[in-house]
Amino acid sequence: MFWNNFDPEKMERYLDIAQSSLLPLLEGAVVYTLPLTLITFVLGLALAILTALARISTIKPLQWIARFYVSAIRGTPLLVQLFILFYGLGSVGIVIDPFPAAVIGFSLNVGAYASEVIRAAILSIPKGQWEAAQMIGMSYSQTLRRVILPQATRVSIPPLSNTFIGLVKDTSLASAILVTEMFRRAQEIAAFNYEVLLLYTEVAILYWIICFLLSLVQGRLERRFDRYVSR
Amino acid sequence: MISINGLHKQFGELEVLKGIDLQVNKGQVIVVIGPSGSGKTTLLRCLNILETPTSGSITIDNQTTDFSKSVHKKEIDLFRRKSAMVFQHYNLFPHMTVIQNVMEGPMIVKKVSKDEARKKAEQLLNKVGLGDKVDFYPHQLSGGQQQRVGIARALALEPKVMLFDEPTSALDPELVGEVLQVMKDLAGEGITMVVVTHEMRFAKDVADEVIFMDQGKVIERSKPIDMFTHPKEERTRQFLNLLQ
């Protein structure tokens with residue numbers, strides 16, 4: 001353990017490794033972790049909105065499809081889903097590259113979880129808003145676009161930020177299907193120099209810093225959307 | 001202007017409107033009173049098809065819609081444009097400024113240009129005494145001011161009939177006057193109005209006729225002075241006595 005037998009020489013070695021591994025780790029973050037997070041969040045959110053709308057629609061088959069989808073995704077482990085997409089499908093000849101497989105897996109996941117957030121946010125908008133929109137002659141889609149979703153957005157920012165930050169960390173699971181994102185880089189470097197604790201601590205701190213910065217963005221977004229609500 | 005014939009509305013087993021027949025002439029101000037659960041709000045909401053009647057027909061401004069048959073969505077859209085509603089709880093759009101609230105209908109639904117909609121909205125807001133509040137958000141206004149925005153929003157749709165659903169019931173007492181004054185001014189301009197309210201003073205001063213509803217039926221219809229001094233029906237008398 002590196003905190004036993006303090007030894008200046010060892011200390012220097014640790015600092016050296018921490019420093020030299022920083023760049024590959026950050027590269028993993030910039031090339032894979034962050035793009036994977038952003039792409040899947042955008043796709044997942046689109047999927048979530050569609051799913052939420054299907055759930056609140058009056059068309060029964062749409063409701064069933066949405067319920068089935070949410071239930072299947074929430075009821076199975078993310079890691080297992082990724083394995084099915086990558087190794088499972090690969091074994092029957094449907095070969096998807098690691099990164100696209102991760103994008104599909106994480107998008108489906110975000111879509112299912114965030115759809116419940118969005119559905120709750122839509123249902124939290126008072127019925128009077130629908131009626132006022134109807135009264136001035138808006139169609140269903142106009143009402144959603146101009147009246148309901150803008151207000152639902154405000155309500156859903158805190159829980160969606162949770163989803164987003166959770167997603168940043170979940171992308172480390174992509175290491176298991178060979179995406180060389182930040183955590184996999186750490187594994188690779190540790191396999192080379194055996195400084196496991198050091199590397200994994202370093203990567204943990206990097207995840208923490210990313211999430212901290214994101215929570216600052218969340219605060220700004222909340223303030224921006226709060227301007228029309230009394231406090 | 002309005003002609004209601006044999007209007008029924010049922011919520012599941014509950015029959016809320018049990019055959020309403022009613023004519024309203026152009027420019028008339030009709031006040032509807034009655035105990036809660038009498039169906040007066042439902043009647044008003046049927047006029048704007050916020051509730052779809054179970055059967056019967058309504059004519060507004062020469063467009064007749066027969067609800068005994070299935071009604072096409074297009075027809076409902078056209079029919080709805082004949083009237084505009086002022087809600088008890090205002091139902092303003094909280095994420096839009098006052099003037100955006102008023103511009104929304106003309107711009108989005110009637111496809112009026114932005115400049116034109118703005119000009120019109122400014123006029124209307126001046127009219128309801130809120131010319132200096134155009135860029136405020138609803139939550140920055142008092143209840144009375146919000147309700148006046150609600151009236152301006154409804155007027156911006158240029159309806160043939162203005163519907164008021166207990167427009168002052170949610171207001172603090174000291175704010176009721178400013179809203180009633182705006183409504184009084186509108187009545188003076190000859191706009192056809194149907195008002196559900198508990199403000200008997202308003203009914204006496206402004207209404208051309210008062211309608212008393214109870215248990216889904218129109219019980220009595222007469223000039224305010226007759227209604228309040230010697231009602232014909234026993235049920236009307238009981239209700240008015242309770243108010244005093």
Side-chain angles (χ1 to χ4, degrees), chain A residues 45 48-49 52-53 56-60 62 117-161 218-231, chain B residues 41 44-45 47-52 73-74 76-98 100-111 117 135-142 146 149-150 152-159 162-163 165 170:
Chain A
L45 212 51
I49 292 171
L53 294 179
I56 61 169
S57 90
T58 49
I59 305 165
K60 286 275 177 214
L62 278 182
V117 169
I118 290 167
R119 189 172 70 96
I122 290 174
L123 294 180
S124 77
I125 306 304
K127 200 162 152 265
Q129 292 292 307
W130 289 91
E131 288 184 348
Q134 213 178 356
M135 185 277 288
I136 67 172
M138 282 187 181
S139 65
Y140 184 77
S141 66
Q142 284 173 327
T143 305
L144 274 177
R145 234 174 334 111
R146 305 201 46 97
V147 177
I148 304 301
L149 289 181
Q151 295 182 61
T153 304
R154 190 190 72 80
V155 183
S156 52
I157 286 175
L160 282 182
S161 301
Q218 175 192 350
R220 286 184 70 126
L221 275 177
E222 279 180 32
R223 273 193 298 281
R224 222 188 107 186
F225 276 88
D226 269 357
R227 68 187 169 199
Y228 64 80
V229 215
S230 54
R231 287 275 149 194
Chain B
T41 288
L44 203 66
R45 290 163 60 85
L47 290 175
N48 194 250
I49 325 191
L50 289 174
E51 305 291 355
T52 309
K73 210 177 145 292
K74 280 248 167 63
I76 289 182
D77 287 346
L78 283 176
F79 187 82
R80 189 173 272 142
R81 286 198 195 178
K82 304 284 185 187
S83 62
M85 172 95 81
V86 175
F87 297 94
Q88 179 176 2
H89 297 286
Y90 339 129
N91 296 1
L92 297 181
F93 304 128
H95 57 303
M96 299 182 193
T97 61
V98 163
Q100 285 169 341
N101 263 279
V102 181
M103 289 163 65
E104 190 69 5
M107 255 173 62
I108 302 306
V109 179
K110 290 192 161 179
K111 309 289 181 206
D135 291 324
F136 282 55
Y137 282 97
H139 78 86
Q140 296 169 306
L141 305 183
S142 71
Q146 290 191 47
V149 176
R153 176 176 68 176
L155 287 171
L157 303 169
E158 300 180 326
M162 284 285 281
L163 309 171
D165 183 13

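Since the model is a prediction, treat every value here as computed from it, not as a measurement. Chain A is the first sequence line, chain B the second, and so forth, proteins listed ahead of strands; every chain is numbered from 1. The basis for the numbers below is simple: all heavy atoms, side chains too, and nothing from hydrogens, waters or symmetry mates.
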Problem - Partner chain A: residue of B:R153, B:R81, B:H89 with the largest heavy-atom pair count (under 4.5 Å) - result: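 Of B:R153, B:R81, B:H89, B:R153 has the most heavy-atom pairs under 4.5 Å with chain A.
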Completion exercise
Sorted by chain and residue number, the side chain to side chain donor-acceptor pair (under 3.5 Å) partners of B:Q140 (sequence neighbours excluded) come out as none
Mind listing the closest non-hydrogen atom pair of [X] and [Y] along with its distance?
X: B:S83; Y: B:L47; value: OG-O, 3.6 Å
X: B:A84; Y: B:A154; value: CB-O, 3.5 Å
X: A:E222; Y: A:P158; value: OE2-CG, 3.6 Å
X: A:R146; Y: A:M138; value: CB-CE, 4.2 Å

Exercise for the section: Tell me, for B:D77 versus chain A, whether the close heavy atoms (under 4.5 Å) come from the side chain, the backbone, both or neither. Expected result: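 Contact with chain A involves no heavy atom of B:D77 at all.
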Completion exercise
Applying a strict 4.5 Å limit to non-hydrogen atoms, the region of B:L92 in contact with chain A is backbone
Problem - Donor on one side chain, acceptor on other, B:D135 and B:T97, under 3.5 Å - result: no
Practice task
With chain A as the partner chain, list the residues of residues 102-109 of chain B whose heavy atoms fall under 4.5 Å from it, by residue number, and write 'none' if nothing qualifies.
Solution key: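 At a heavy-atom separation under 4.5 Å, chain A is reached by B:E104, B:G105, B:I108, B:V109.
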Completion exercise
Under 4.5 Å to a heavy atom of chain B? For A:Q142 that would be side chain
Problem - Neighbourhood of chain B inside residues 117-128 of chain A, taking heavy atoms under 4.5 Å as contact - result: A:K127, A:G128
Handout entry: Pairs touching residues 118-150 of chain A that satisfy ring pair (Phe, Tyr, Trp, His ring centres under 6.0 Å), sequence neighbours left out
Key =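 Qualifying pairs: A:W130-A:Y140.
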Just so I know, are the side chains of [X] and [Y] near enough to count as touching, which here means a heavy-atom distance under 4.5 Å?
X: B:H95; Y: A:R154; value: no
X: B:Y90; Y: B:N101; value: no
X: B:P94; Y: B:H139; value: no
X: B:F87; Y: B:L50; value: yes

